[in-house]
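Just so it is clear, the values below take in all heavy atoms, side chains as well, and ignore hydrogens, waters and symmetry mates. Computed from a predicted model, the values in this text were never measured in an experiment.
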Amino acid sequence: MTRLRVLSRSLAAFAVALFAVTATVPAAQARAEPVAPGAFVALRTVAPTIVEEMRYPTPHNFMGERVDGYREPLCLVTRDTARALGRAQSRLLRKGYSLKVYDCYRPQRAVDHFVRWAEDLPDERMKAEFYPRVAKSRLFEDGYIAERSGHSRGSTVDVTLVRLPVRPTRPYVPGERLTPCHGPKAARFPDNSVDMGTGFDCFDTLAHTDDPRVTGVQQANRDLLRSVLAEVGFSHLPEEWWHFTHRPETFPDTYFDFPVAWRSVLGH
């Protein structure tokens, strides 16, 4: 009778352990992070001379905090986009310039973070720099924030020009005094890029590529960026001088959500 009781207890313990293992398998699978398809690469492995100043893994952006999904300061794009950027870079280097990217592939979870922030109207900690002339309540209506972004498809980049030799941009210090993105270059946050008339991610009509108030050197810089990228297959968004999409897109209908991290493209 004692042996039978011990055997029964052993079988019961085994059954509990087996159930625990099998029950955790689906949960572990559910928690597994998605990875990028093989068509994605880290830009620096294809075009290493392009400057990367990724803003969304840092607090220097319109929200004032690291954006969900940006694990590392890394530009991920489709391979076709990376190669096209490399061709544009070769042409610009001969002219005394380099490309600089602020953002590349953007996970859907980051876009969702933007939406949550835009709905939190009291949070205006970065308003003085990024949207000083726009009410936060109008960001959806005016098209500055949306529930989907072409960046999530992997062929869109936010990019500018830097004169050679490239000098570093000083890091943003959280809590420092903010200055309007639409102001004169000398008054804006210091950036090693050429003067494009506004800072990056400036929620203002002055950021429209062909805004008539932008003239002279500023417009010439915008035109140079647009023309060189057009030569290698990029179209631009008229409302944002920095926003370009390589066409045809590798994934025209797919919005990805793998994190921005080396592990997402390991082995590609």
Side-chain angles (χ1 to χ4, degrees), residues 33-58 61 66-93 97-114 146 148-162 166 169 193 196 200-201 209 224-237 239-268:
E33 285 280 19
V35 296
F40 273 83
V41 295
L43 176 63
R44 66 187 63 173
T45 64
V46 177
T49 63
I50 294 177
V51 180
E52 298 186 21
E53 187 182 315
M54 311 304 292
R55 289 287 184 87
Y56 296 148
T58 80
N61 58 66
R66 176 191 286 264
V67 180
D68 288 355
Y70 286 86
R71 306 284 175 77
E72 297 172 86
L74 185 67
C75 173
L76 304 182
V77 287
T78 62
R79 185 172 284 103
D80 287 344
T81 302
R83 288 171 176 167
L85 288 170
R87 293 194 296 273
Q89 176 75 342
S90 295
R91 300 179 189 198
L92 286 165
L93 290 175
Y97 295 90
S98 172
L99 288 171
K100 179 173 83 169
V101 289
Y102 292 113
D103 191 36
C104 302
Y105 158 74
R106 181 182 304 164
Q108 181 59 45
R109 70 189 74 180
V111 180
D112 296 341
H113 193 179
F114 290 174
R148 293 281 193 180
S149 170
H151 281 274
S152 301
R153 300 194 295 263
S155 297
T156 296
V157 293
D158 292 335
V159 63
T160 189
L161 297 174
V162 181
V166 177
T169 294
S193 69
M196 292 289 189
F200 165 63
D201 256 1
T209 306
L224 175 60
L225 178 63
R226 178 168 50 180
S227 64
V228 169
L229 289 177
E231 290 171 0
V232 296
F234 285 87
S235 62
H236 88 287
L237 181 68
E239 292 78 17
E240 298 177 348
W241 59 257
W242 55 82
H243 182 113
F244 291 85
T245 300
H246 185 255
R247 301 189 189 281
E249 292 186 66
T250 309
F251 299 102
D253 303 308
T254 307
Y255 296 83
F256 294 99
D257 192 38
F258 55 85
V260 177
W262 277 107
R263 66 170 297 278
S264 294
V265 292
L266 285 178
H268 291 189

Checking Phe251 now: which residues fulfil ring-ring contact (aromatic ring centres under 6.0 Å, His included) with it, not counting sequence neighbours?
Phe40, Phe256
Pairing residues for Tyr102 by the ring-ring contact (aromatic ring centres under 6.0 Å, His included) criterion, not counting sequence neighbours:
Phe200
Under the side-chain hydrogen bond (donor to acceptor under 3.5 Å, both in side chains) rule, collect the residues that match up with [X], sequence neighbours excluded.
X: Thr160; answer: none
X: Thr49; answer: Gln89
X: Thr245; answer: Thr156
X: His113; answer: Glu65, Asp68

Taking side chain as C-beta onward, heavy atoms only, is [X] less than 4.5 Å from [Y]?
X: Leu74; Y: Leu76; value: yes
X: Asp103; Y: Val157; value: no
X: Met54; Y: Glu72; value: no
X: Asp201; Y: Trp242; value: yes
X: Met196; Y: Leu161; value: yes

Pairs meeting criterion salt bridge (charged side-chain N to carboxylate O under 4.0 Å, His left out) with involvement of residues 78-92, two or more places apart
Arg91-Glu231
Residue pairs meeting salt bridge (charged side-chain N to carboxylate O under 4.0 Å, His left out), one or both in residues 241-268, sequence neighbours left out, come to Arg109-Asp257, Arg153-Glu249, Arg247-Glu249
Between [atom1] on residue [X] and [atom2] on residue [Y], distance to nearest 0.5 Å:
X: Leu92; Y: Ile50; atom1: CG; atom2: CD1; value: 9.0 Å
X: Leu99; Y: Ser193; atom1: CG; atom2: OG; value: 12.0 Å
X: Ser149; Y: Tyr105; atom1: OG; atom2: OH; value: 10.5 Å

Excluding sequence neighbours, so at least two apart, what forms salt bridge (charged side-chain N to carboxylate O under 4.0 Å, His left out) with Asp158?
Arg106
Tell me every residue that passes salt bridge (charged side-chain N to carboxylate O under 4.0 Å, His left out) with Arg71, counting only those two or more places apart in sequence or in another chain.
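Applying salt bridge (charged side-chain N to carboxylate O under 4.0 Å, His left out) to Arg71 gives Glu33.
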Of the non-hydrogen atoms in [X] and [Y], which two are nearest, and what is the gap between them?
X: Pro259; Y: Pro34; answer: CD-O, 3.6 Å
X: Pro107; Y: Val260; answer: CD-CG2, 3.8 Å
X: Tyr70; Y: Ala110; answer: CE1-CB, 3.6 Å
X: Ser155; Y: Phe234; answer: O-CE2, 4.3 Å
X: Gly86; Y: Ala47; answer: CA-CB, 3.8 Å
X: Val111; Y: Ser152; answer: CG2-OG, 3.8 Å

Where the side chain of Arg226 meets the backbone of Ala230, is there a donor-acceptor pair that is under 3.5 Å apart?
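No, Arg226 side chain to Ala230 backbone: no donor-acceptor pair under 3.5 Å.
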Modelled atom types, side-chain donor and acceptor of Thr81 and Thr78, under 3.5 Å:
yes
Just do the side-chain contact (heavy atoms from CB on, under 4.5 Å) check on Leu229 and His236 with the steps written out, would you?
CA-CA 9 Å; Leu229 289 177; His236 88 287; over 6 Å; no
Restricting to side chain to side chain contact (heavy atoms under 4.5 Å, CB included), what partner residues turn up for Val51, sequence neighbours left out?
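Expected list: Ser98, Lys100, Val166.
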